[in-house]
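From a predicted model like this one, the values you see are computed outputs, not experimental measurements. Whatever order the structure lists them in is the order used to number ligands and atoms, beginning at 1.
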Amino acid sequence: MDTTRAVAAVEELLAALEVNEADHTADTPRRVVRAWQETLAGYQADPRRHLARTFTAPDDPGLVVVAGLHLVTTCAHHLLPIVGRATVAYRPAPGAPVVGLSKLSRVVADYAARLQVQERLGWQIASAVQDCLAPVGAGCVITAVHGCMTVRGVRQPTAVTTTAVWTGTWTPEHPDVEMVVAEHRAAG
Ligand SMILES: Nc1nc2c(ncn2[C@@H]2O[C@H](COP(=O)(O)OP(=O)(O)OP(=O)(O)O)[C@@H](O)[C@H]2O)c(=O)[nH]1
C-alpha cells in the first residue's frame, strides 16, 4: 500500500466532502489509512500458507467441522463492513493428514482481510481446503450482515445473508452437508 498517497487521498476526500471538524478530523487521514492497512492485511500473503503444516490422522478421521468462527470482512462494492460467522468443514480422505483447527480460522481471517463479496469469500475458503488437503469433500457456510444493506441503501437492519459452498464429492444432499449445516445453525 502506498501510505503517503492513501493519506493524501483521504485528505482530499474530506476536502471534497467539505467536512472539517477541526481537531477531530486533523489526524483522520492517518487514522483512516492505518485502519485500512489492518482491514486489507490479507493481501500481504497467500492465505493457503496456513494449510501447509499437516498432522497424521487415523485411517478414517471422520468429519471435521469448525463452526462459529467470527467473521469481519469488507464489501468490495461499498467499502462497508460485513460481519457474521463462518463454518468450515471437510472430510479427510482415508489415510490423509489433517491440519490444525486454528489454521481453518486463519484461512478465513486472511481471505476476509480483503475486499470481498460473500459468495466469493466462501468459495475461496472451501477451495483452499479442497486444493491443499484433497479431502473427500469440503465446504464453507457463511451467515453475515452487510453494512451496505443495513446502514444505507435499502436499510434492512434485520437482513442476514447465508451462503454455502461445497467441493469435492459433497453435494447439498450429501449427509455430511446436512450435519455441517446443522452445526452452523447450532453455533448461532
Ligand atoms: N451478491 C452479492 N452482492 C453484494 C454483496 N455485497 C454487496 N452486494 C450488492 O452489490 C450491489 C451493488 O449494486 P449497485 O446497483 O452497483 O450499487 P448501489 O446503487 O449502491 O445499490 P443499492 O445497495 O441497491 O443501493 C448491491 O445490490 C449490494 O447489495 C455480496 O457479498 N454479494
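- Close approach of ligand 1 to C75 (heavy-atom distance below 4.0 Å) involves ligand atoms 6 (N), 7 (C).
- Within 4.0 Å of atom 10 (O) of ligand 1, at least one protein heavy atom is present.
- In the vicinity of C148, heavy-atom distances shorter than 4.0 Å reach the ligand 1 atoms 7 (C).
- By the criterion of a heavy-atom distance under 4.0 Å, neither the backbone nor the side chain of Q116 is placed next to ligand 1.
- For atom 1 (N) of ligand 1, the nearest protein heavy atom lies under 4.0 Å away.
- Between the side chains of Q118 and T161, no donor N or O sits under 3.5 Å from an acceptor N or O.
- Counting protein heavy atoms under 4.0 angstrom from atom 27 (O) of ligand 1 gives zero.
- The backbone N or O of N20 sits nowhere less than 3.5 Å from a side-chain atom of T25 that would complete a donor-acceptor pair.
- Distances from atom 6 (N) of ligand 1 to the heavy atoms of H78, H146, E119 put H146 nearest.
- Of all non-hydrogen atoms in A26 and P29, the two that sit nearest each other are O-CD, 3.9 Å.
- Atom 12 (C) of ligand 1 has H77 ND1, 3.8 Å as its closest protein atom, hydrogens excluded (heavy atom only).
- Protein non-hydrogen atoms do reach within 4.0 Å of atom 23 (O) of ligand 1.
- Here the closest heavy-atom approach between residue A138 and residue A126 is recorded as CB-O, 4.1 Å.
- In this structure, R48 does not pair ionically with D110, as no charged nitrogen and carboxylate oxygen lie closer than 4.0 Å.
- Atom 25 (O) of ligand 1 has its closest protein heavy atom at R152 NH2, 2.8 Å.
- Atom 31 (O) of ligand 1 lies below 4.0 Å from at least one non-hydrogen atom of the protein.
- With a heavy-atom cut-off of 4.0 Å, Q118 touches ligand 1 through backbone and side chain alike.
- Using a 4.0 Å threshold on non-hydrogen atoms, atom 20 (O) of ligand 1 counts as touching the protein.
- Ion pairing between a basic and an acidic side chain is recognised when a charged N comes within 4.0 Å of a carboxylate O; R30 and D27 show such pairing.
- A 6.0 Å sphere centred on CH2 of W36 holds more than 12 heavy atoms belonging to other residues, nucleotides or ligands.
- Residue R114 places its CZ atom among more than 12 non-hydrogen atoms of other residues, nucleotides or ligands, all under 6.0 Å distant.
- For CZ of R185, the number of neighbouring non-hydrogen atoms (other residues, nucleotides, ligands) closer than 6.0 Å is 12 at most.
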